[in-house]
> 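My structure is below; once you've seen it, I'll send some questions.
Since this is a predicted model, take the numbers as computed values, not measurements.
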Amino acid sequence: MANDSSSLRHSVRDGAAHAVMLGAGEAYLIPFAVMVGVQHFWIGILASAPLLLGGIAQIFTAGLLDRAKSRRSLAVVPAALQGVAYLPLAALALASPEQATLPLLALAALYHTAAGVVVPAWNSWIAELVPPQRRGEFFGRRNRVRTAVEFGSVFLAGGGLALARHLGAEGSGFAIVFVVAALARLLSAREIHSMHEPPYHPPATDQTFTFRAFLWRSPRGNFGRFTLYVAVFLGATHVASPFFTPFMLEDLGFGYVEFTLCSAAFIAAQAAMMQSWGRVGDRFGNRRILALTGLTLPVVPMLWLFASNVWFVIALQVIAGLLWSGFHLSVANFLFDAVTPQKRARCVAYYNATTSAGLFLGASCGGLLATLLPSNAGLAAWGLPLGSPLQLVFVASGVLRLLASLALIPLVREVREVESGNLGDVIIHIVGQSPLRGARLAVFGGTHPSETDKPPEVR
């Protein structure tokens, strides 16, 4: 059986294979829904209801883990099932039925429920293999590999779909992409199985608590307030998130090549900054990164008011990727720092169930807005006639994100000893990191950044 060092290498390979599944499969579920004519309201449900089921599954998995006392089976078997779920999707793509909404929702529910079962066991397991002082560095490096692989997968899958559309075989193109995603997740499950599993010690009776008790205590505890903030912020984000893809494919008229370039730009920006965010988090703490990204991310959806061509959208995706990489990494590392190993699986499950509920509510509200807003909706009073009512949904998302951050970030405190410094110190340190150094020198040297620089989980 592998030792801890080789287990971390297996974990990196698992992350890479998992990223292929995301880039060649999950990234194209919404485009597939658009292809088969799923309406905006149901796209919102597709992007949120299966996630809610996955969150609910985690509540039950946390209790099951205490009885099973083995994390390997609860991580490997559902991971393999998640891969298998792509095979009926491939068959659905080949059949190209006129009424695909319900089958697509059912398969997405199976996919995300299986993913939800994996999460508590995997997070508890990997946290024991990574020394606390190396978490930022390791997960930054692992996530950088994952996002780089996901970038390549999105690019290749998008190119293949563009070619398939050109040949009049769009359904076959999606079928091939989904089969690749299935095989990648099965390889990922094999890598998880190869990891060394330390003995699992279930929490003592006085350390267990129900989901209801967790919700009741949340406003009074730091981890509960952190969970509440992330749930509300991601809920506000999901008011808009499911609808960027329909906006690009339908309102802006992008083909798969343009859509893939935009998706790849987001992933590439994440990959470029992920490890740097990890180093900054190790030094200044995850709470400061959470505050910085939580206060700047609300601006991004509002900029979609001005989106009219592929180059502007690519620029937006780069900005979003840089910021979201910091937000997600700080959230993941805060989770590991804030709870004890005995409570980690249960707390991660409850955290994901709560945030999944936020995603569902946000996407449902966004779907209703997208359906009810008139096609000629705009901001004429501000001199901004809009090309799509979806742009008003994006503005609503930005406003709600900002309100969530202003109201709830002050309630969250750092949970470990870190260097003192304000947000300005963090920003200066971030600009000094290697992925942004070219931009920094370009600004102070009077050169436009585009002349010197080259350019979306833990689970």
Side-chain angles (χ1 to χ4, degrees), residues 24-53 85-112 154 157-179 181-182 238-260 262-263 304 307 310 313 359-360 362-377 386-394:
E26 192 167 316
Y28 288 96
L29 284 177
I30 299 297
F32 177 62
V34 172
M35 185 199 78
V36 296
V38 177
Q39 297 178 349
H40 285 165
F41 174 77
W42 290 109
I43 285 178
I45 298 299
L46 176 65
S48 59
L51 288 172
L52 179 61
L53 291 176
Y86 274 105
L87 299 178
L89 276 172
L92 186 65
L94 288 174
S96 298
E98 293 184 3
Q99 300 296 327
T101 301
L102 290 180
L104 188 53
L105 279 170
L107 291 171
L110 172 62
Y111 170 83
H112 284 291
V154 164
L161 288 172
L163 177 61
R165 172 183 278 184
H166 177 72
L167 297 175
E170 195 170 359
S172 298
F174 274 106
I176 293 171
V177 164
F178 291 153
V179 168
H238 239 57
V239 168
S241 289
F243 308 107
F244 290 116
T245 294
F247 179 72
M248 285 187 278
L249 295 177
E250 297 177 341
D251 295 296
L252 295 182
F254 289 1
Y256 288 126
V257 172
E258 292 89 349
F259 174 79
T260 298
C262 294
S263 301
W304 282 77
V310 66
V313 173
L359 294 177
F360 175 73
S364 298
C365 291
L368 286 173
L369 279 175
T371 302
L372 297 176
L373 285 171
S375 59
N376 60 348
L386 303 181
S388 167
L390 290 178
Q391 289 171 294
L392 282 181
V393 177
F394 303 158

> Which atoms form the tightest heavy-atom contact between Ile43 and Val38, and what is the distance?
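Of all heavy-atom pairs spanning Ile43 and Val38, the closest is CD1-O, 3.6 Å.
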> Where is the tightest heavy-atom contact between Ala363 and Gly44, given as atom of each residue plus distance?
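Of all heavy-atom pairs spanning Ala363 and Gly44, the closest is CB-O, 3.4 Å.
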> Would you say the side chain of Leu29 lies within less than 4.5 Å of the side chain of Leu89, judging by non-hydrogen atoms?
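Sidechains of Leu29 and Leu89: in contact.
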> Where is the tightest heavy-atom contact between Gln391 and Ala307, given as atom of each residue plus distance?
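Looks like NE2-O, 4.3 Å.
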> How close do Ala157 and Val177 get, heavy atom to heavy atom, and via which atoms?
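Residues Ala157 and Val177, closest heavy atoms: CB-CG2, 4.0 Å.
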> Apply the test side chain to side chain contact (heavy atoms under 4.5 Å, CB included) to residues Trp42 and Leu105: give CA-CA distance (whole Å), side-chain angles for both, the deciding distance (0.1 Å), then the verdict.
CA-CA 9 Å; Trp42 290 109; Leu105 279 170; 3.9 Å; yes
> Do Phe41 and Ile45 have side chains that approach each other closer than 4.5 Å (heavy atoms only, starting at C-beta)?
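Yes, at least one pair of side-chain atoms sits under 4.5 Å.
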> Report yes if the side chains of His238 and Leu359 come closer than 4.5 Å at any heavy-atom pair, otherwise no.
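In contact.
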> Measure the OH-CE distance between Tyr256 and Met35 for me, rounded to the nearest 0.5 Å.
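Between atom OH of Tyr256 and atom CE of Met35 there are 6.0 Å.
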> Might you confirm whether atom CD of Glu250 has over 12 heavy atoms from other residues, nucleotides or ligands at distances under 6.0 Å?
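Above 12, so yes.
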> At what distance, to the nearest 0.5 angstrom, does CG of Leu104 lie from CZ of Phe32?
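The CZ atom of Phe32 is 6.0 Å from CG of Leu104, to the nearest 0.5 Å.
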> List the atom of Phe254, the atom of Cys262, and the distance in Å for their closest heavy-atom pair.
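What the structure gives for the nearest pair is CE2-SG, 3.9 Å.
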> With rounding to the nearest 0.5 angstrom, report the CG to CG distance, Leu369 to Leu390.
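Answer rounded to 0.5 Å: 10.0 Å.
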> Quick one: are Leu249 and Pro31 in side-chain contact, heavy atoms under 4.5 Å?
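Result yes, sub-4.5 Å side-chain heavy-atom pair found.
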> How about Phe178 and Tyr28: are their ring centroids closer than 6.0 Å?
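Centroid separation for Phe178 and Tyr28: 6.0 Å or greater.
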> I need the Phe259 CZ to Leu161 CG distance, nearest 0.5 Å.
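Reported to 0.5 Å precision, the distance equals 9.5 Å.
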> What closest approach, in Å, do Ala182 and Leu87 show between heavy atoms, and which atom pair accounts for it?
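Where Ala182 meets Leu87 most closely, the heavy atoms are CB-CD2, 3.8 Å.
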> Is there side-chain contact between Leu94 and Phe174, with at least one heavy-atom pair below 4.5 Å?
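No, too far: nothing below the 4.5 Å cut-off.
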> When the ring planes of Tyr111 and Tyr86 are compared, do they come out parallel, tilted or perpendicular, using 30° and 60° as the limits?
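Aromatic pair Tyr111/Tyr86 classed perpendicular.
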